[in-house]
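Note that this is a predicted model, so its numbers are computed, not measured. Lettering of chains follows the sequences in order, A, B, ..., and the numbering in each one begins at 1. Only this structure's heavy atoms are used, side chains among them; waters, hydrogens and symmetry mates stay out.
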Protein chains: 2
Amino acid sequence: LRRKKVDLKKLSEDLRSGNSTALSRAITLIESQNNKHQAQVKQLIEACLPHAGDAIRIGITGVPGVGKSTFIESLGLHLINKGHKVAVLAVDPSSSVSNGSILGDKTRMEKLVQSSNAFIRPTASGTSLGGVARKTRESIILCEAAGYDIILIETVGVGQSETAVHSMTDFFLLLKLAGAGDELQGIKRGIIEMADAIVINKADGQNLDAAKRAKVEFNRALHMYPPKDNHWTPKVLLTSALKKKGIDKTWQLISKFIAHVKANHHFELNRLAQNKYWLHQSIEDQLKREFYANPTIKKALESELKKIEAKQTTAFEAANDLLKYYKTKLD
Amino acid sequence: LRRKKVDLKKLSEDLRSGNSTALSRAITLIESQNNKHQAQVKQLIEACLPHAGDAIRIGITGVPGVGKSTFIESLGLHLINKGHKVAVLAVDPSSSVSNGSILGDKTRMEKLVQSSNAFIRPTASGTSLGGVARKTRESIILCEAAGYDIILIETVGVGQSETAVHSMTDFFLLLKLAGAGDELQGIKRGIIEMADAIVINKADGQNLDAAKRAKVEFNRALHMYPPKDNHWTPKVLLTSALKKKGIDKTWQLISKFIAHVKANHHFELNRLAQNKYWLHQSIEDQLKREFYANPTIKKALESELKKIEAKQTTAFEAANDLLKYYKTKLD
């Protein structure tokens, strides 16, 4: 036990000094299912928390093939050249199933991975979005305590993962491709509303004209939505991450956004709202998980469902009965 | 107590015999906050349940001004002429605030209200959608037990009320108007996906051309979505409820849909899924409500939020602590 404590203290110190190996090890602890490790994580997070929160957190989403890795590499290198330290994380609740972790293959960002000012961490594994989100939020804290001042969080947008990433970032960027046909087709509901910027990538060569047309269409789509609370009007940009075109403009736009929301205090308000969101989300997840995981409840739920089907009770009455039963079992 | 019992028995019998005054009184009991009344409702529902479930439940949504009342009156009269008994209910969680119950003004359906084969009931009141949904679902059971074989459920679509109505009906109809500009603009997310039919109303006179263009656009929008589990392809229709045009076609379409889903068993599968949905929904609503209503938790929640803001804890850790605390308080 004593040795562990010393290790933890050292790990925390190394991490705080910017040692990326220590940061990696700490994130591995976060991902561990082991109870002892989870207790250590708790201490580690507590030690890091006062030193976290100062980075700019940027969410990046887009379907596979849109060029996310190339875009993140270009943006990351651009930021490092400007003197920043950049951490790249990912939220992909499907990775444990498909084994296709979006950042697993670091060779996709081979230049960025070589920089001592970049930290790239493959997807936190896990099947539940709640679990993955928690691990990612904790990883952000550790990265910030380790001195990374820009955190890029990538998601392929499976299920509700975009909502999760949107709820843990300051700026949310939707990466798109100009294709044939209706540009808005195939965009998941709600994504446009979440975006602070839509970046149309691969806007080069023969794609350039289509990209310009897509820009017009997206601008039109963006204007359908009511103004945001933070008074920011989302913008559409063209980039070619491969040819490093438009990356500087993207960063200028993000910087402008950050200055804007810091000036009107929506930066902090958003962070507070996010904390509240995650607090409620965690509470409700846990309430539900504990209820449904209860073996007696599992059986009772099955039998109530059968009673509903047999028209002996209603869903509402069955819920009442199950909750009464749950409470007596807890006593 | 004895007298009450007798009353309840008589009420139940009268209701079952199709007495609309008894049905009205029973729904008034449903809406009562009184605990004794709620116990009576429970008995009443249990008595009615075996006789419910055989009606066709149709959800109708559309923004104010689209002509919902006229449409429902025309459809209702058409159905009564064909020998049906029609009940009209409404889900409008905002009505208690605005006092603008969508069906409150029965004079808007003055011909339908005069028919002995129509039962029109203003919005169940209440501020929580869960509460309003429960009352509406219970009212459906009573209406069906009273012999109404077609239930029309109207919603103006405030908040999540369309999802609620969609989850308690067999067929979901979106009423639209052909207007100037982009027809898809202003449509709430997800509505198109829920619709089994889109009916463009007021397709008459000078509006006819615009309505025809809107039909093309909606058909295009409908084709963007993947096929539904029930293998039904949503259709777009033109009506003029005022001039009673297209109402027969609307009913033919609904009949075709019902025959289709009864043949491939998705009618029952959908009802089962809806029961499961409401069971889980009721459980989760109640778990949350009880947690947040607990006075000790209320205080603890405030103090945990302050700790999060002061970077002394994370949202996840705070949630853990609150739940541990909640459980010890329950013991």
Side-chain angles (χ1 to χ4, degrees), chain A residues 42 45-46 49-53 130 133-134 137-138 141 182 184-186 189-190 192-193 220-221 223-224 268 271-272 274-288 290-292 297 301 304-305 308-320 322-323 326-327 330-331, chain B residues 42 45-46 49-53 130 133-134 137-138 141 182 184-186 189-190 192-193 220-221 223-224 268 271-272 274-288 290-292 297 301 304-305 308-320 322-323 326-327 330-331:
Chain A
K42 193 179 163 183
I45 297 281
E46 272 168 16
L49 255 182
H51 311 286
R134 174 183 184 148
R137 295 250 310 168
E138 289 175 342
I141 292 166
D182 189 337
L184 295 173
Q185 186 166 350
R189 304 187 251 143
I192 298 266
E193 267 173 290
R220 203 166 69 106
H223 281 92
M224 285 189 191
E268 305 98 89
R271 289 265 178 110
L272 285 182
Q274 290 182 343
N275 279 328
K276 211 167 172 179
Y277 169 83
W278 287 108
L279 176 58
H280 287 256
Q281 202 64 27
S282 312
I283 287 170
E284 290 158 21
D285 279 357
Q286 217 165 313
L287 281 172
K288 283 193 256 177
E290 283 175 14
F291 181 86
Y292 291 119
I297 287 295
L301 196 69
E304 289 291 337
L305 262 175
I308 295 171
E309 288 171 28
K311 295 187 186 177
Q312 288 160 359
T313 187
T314 64
F316 300 103
E317 213 43 71
N320 280 348
L322 284 168
L323 276 154
Y326 187 52
K327 270 190 248 171
L330 277 178
D331 276 344
Chain B
K42 196 180 160 179
I45 297 281
E46 272 166 19
L49 254 182
H51 311 286
R134 173 182 186 148
R137 295 250 309 167
E138 289 176 342
I141 292 166
D182 188 335
L184 295 172
Q185 187 166 350
R189 302 189 252 144
I192 298 266
E193 268 172 290
R220 203 166 69 107
H223 280 92
M224 285 189 190
E268 307 97 89
R271 289 266 178 111
L272 284 182
Q274 289 181 345
N275 280 328
K276 211 168 172 177
Y277 169 84
W278 287 107
L279 176 58
H280 286 259
Q281 203 63 29
S282 312
I283 287 170
E284 291 158 22
D285 280 357
Q286 217 166 312
L287 280 172
K288 282 193 257 177
E290 283 174 15
F291 180 86
Y292 290 120
I297 287 295
L301 196 70
E304 288 292 335
L305 262 176
I308 294 171
E309 288 171 29
K311 295 187 188 180
Q312 287 160 1
T313 188
T314 64
F316 301 101
E317 213 44 70
N320 281 347
L322 284 168
L323 276 154
Y326 186 53
K327 271 188 251 173
L330 277 178
D331 276 343

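The part of A52(A) that comes within reach of chain B is its backbone (N, CA, C, O), which places non-hydrogen atoms under 4.5 angstrom from that chain. Looking at D285(A), there are no atoms closer than 4.5 Å to chain B (heavy atoms on both sides), in backbone or side chain. For F291(A), the part lying near chain B is the side chain, with the backbone staying farther off; criterion is any non-hydrogen pair under 4.5 Å. For chain A, the nearby parts of L287(B) are the backbone and the side chain; heavy atoms of each come within less than 4.5 Å. Proximity to chain B (any heavy atom under 4.5 Å) is restricted, for L322(A), to the side chain, taken from C-beta onward. Heavy atoms of I283(A) lying under 4.5 Å from chain B belong to its backbone as well as its side chain. Heavy atoms closer than 4.5 Å to chain B are found nowhere in Y277(A), neither backbone nor side chain. Proximity to chain A is limited to the backbone of Q312(B), based on heavy atoms less than 4.5 angstrom apart.
Contacts with chain A were tallied for L49(B), N320(B), T313(B); L49(B) has the most, counting heavy-atom pairs under 4.5 Å. Counting heavy-atom pairs closer than 4.5 Å to chain B, the top residue among K276(A), Q281(A), E46(A) is K276(A). Chain B forms the most heavy-atom pairs under 4.5 Å with one residue out of L301(A), I45(A), L323(A), L272(A), and that residue is L323(A). Considering only heavy-atom pairs separated by less than 4.5 Å from chain B, the leading option among N275(A), L279(A), I141(A) is L279(A). Of all the listed residues (H280(A), E309(A), E290(A)), the one sharing the greatest number of non-hydrogen pairs under 4.5 Å with chain B is H280(A).
Smallest separation of non-hydrogen atoms from W278(A) and A133(A): CH2-CB, 3.4 Å. E304(A) and A318(A) make their closest contact through OE1-CB, 3.3 Å (heavy atoms, listed as atom of the first residue, atom of the second, distance). Heavy atoms only, all atoms of each residue included: S282(A) and A315(B) are closest at OG-O, 4.3 Å.
Counting heavy atoms from C-beta on, the side chains of T314(B) and R137(A) never come closer than 4.5 Å.
Salt-bridge annotation for E284(A) and K288(A): absent, with no side-chain N of the basic residue lying under 4.0 Å from a carboxylate O of the acidic one.
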